[in-house]
There are 2 protein chains.
Amino acid sequence: MGVTKTQNFKEEQNKVAVYARVIAHPARVAILQYLLKQKTCICGDLVDVLPLAQATVSQHLKELKAVGLIKGTVEGTSVCYCIDKHKWEEVRDVFFNLFANPVECQDKCC
Amino acid sequence: MGVTKTQNFKEEQNKVAVYARVIAHPARVAILQYLLKQKTCICGDLVDVLPLAQATVSQHLKELKAVGLIKGTVEGTSVCYCIDKHKWEEVRDVFFNLFANPVECQDKCC
DNA sequence: AACATTAATCGCAATTTTACGATTAAGCAA
DNA sequence: TTGCTTAATCGTAAAATTGCGATTAATGTT
């Protein structure tokens, strides 16, 4: 139990789920928004911005990295993070594609 | 812990997270896609379509209902589900708004 | 009333997620 | 080298999620 039966669903459904999952936490949304706001790379002042401990922030960054939404390059003692433009647009398109479907139910119950 | 520190984040960040969370499972994505595909209301044949037990499907439906993305009306012994058009568009807009941000990092590290 | 059908809920187990202190690793500075 | 700074990783605890069998509730059928 507690295991999502991934293999029983279509690849696209799993893709949506994986991408949704990674932004399904306010801290990760905050990280993405912060990186978007900064037009330039920022070098790890995320810990100061977020209301979380350093270890926790690092863990969230790891998840965003795992999906490929952000990348980090070592810059001296600190690490410079930024959004991967290509992946960002891919994730965007996956959501756009899902929500492109119009809701058209004509029954009396809706 | 295991507790998301919701109160420490901005309302919009939590909103994105909540909406993302509800579609962060392939079964719920499948449910939404199925309801979108059916132009009319369907009356609970979701259990036949999904590779999950009735109790599990019911639980996923409950979560989608809790967020307001779907509604169910009792129709005899079965229940007729459909997507809430208004909420669907609100959720869509929340994602559109997030991904409307362009990625513009000019640093050498990106 | 007795029975059948359908979906929600309960109770439980396994797994995953979130969070953080402590430690480690890597690079820079004196 | 020694010390400092920064970020990743480890270990652990608490909570949430996923899944399902069993039960319950509601409605329709005979």
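Since we're looking at a predicted model, the values are computed, not measured.
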Answer yes or no: does a side-chain N or O of [X] lie under 4.0 Å from OP1 or OP2 of [N]?
X	N	value
B:Lys62	C:dA7	no
A:Thr56	C:dC20	yes
A:Arg21	D:dT17	no
B:Arg28	D:dT18	yes
A:His60	C:dT17	no

Exercise. For the pair B:Asn14 (side chain) and B:Glu11 (backbone), establish whether a donor and an acceptor sit closer than 3.5 Å, ignoring hydrogens and angles.
Key: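 Not a single qualifying donor-acceptor pair exists.
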Quiz item: Has the side chain of A:Arg92 got a donor or acceptor atom that lies under 3.5 Å from a matching backbone atom of B:Leu98?
Solution: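 Looks like no, no N/O pair under 3.5 Å.
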Self-check item: Selected nucleotide, minimal atom distance to A:Gln54 side chain, candidates C:dT18, C:dA22, C:dA7
Solution: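 In terms of side-chain proximity for A:Gln54, the closest of C:dT18, C:dA22, C:dA7 is C:dA22.
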Practice problem: Side chain of A:Leu52 only, please: which of C:dA19, D:dC20, D:dT18 is the nearest? | Solution: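 Of the candidates, C:dA19 comes closest.
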Quiz item: When you match A:Phe9 and A:Thr77 each to their closest nucleotide on DNA chain D, which lands nearer the 5' end?
Solution: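 Upstream on the strand: A:Thr77.
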Quiz prompt | Which residue lies more 5' along DNA chain D, comparing B:Val74 with B:Ala24 via nearest heavy atoms | solution =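 That would be B:Ala24.
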Quiz item: Is B:Lys15 salt-bridged to B:Glu12, cutoff N-O under 4.0 Å?
Solution: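 No, this pair does not count.
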Quiz prompt | Ring centroid separation A:Phe95 to B:Phe96 under 6.0 Å | solution =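 Ring centroids of A:Phe95 and B:Phe96 are no less than 6.0 Å from each other.
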Quiz item: Within the structure shown, what part of the strands sits under 4.0 Å from A:Thr4 by heavy-atom distance: base, sugar-phosphate, or nothing?
Solution: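 Contact class for A:Thr4: sugar-phosphate only.
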Quiz item: Base, sugar-phosphate, or nothing for B:Ala53, non-hydrogen atoms under 4.0 angstrom?
Solution: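 The answer is sugar-phosphate, as B:Ala53 gets under 4.0 Å only of primed atoms, P, OP1 or OP2.
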Exercise. Provide, to the nearest angstrom, the distance between the CG atom belonging to A:Leu61 and the P atom belonging to D:dT9.
Key: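 Taking atom P of D:dT9 as the reference, CG of A:Leu61 is at 11 Å.
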Self-check item: Rounded distance in Å - CD (A:Glu63) to C1' (C:dA19)
Solution: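 Between C1' of C:dA19 and CD of A:Glu63: 12 Å.
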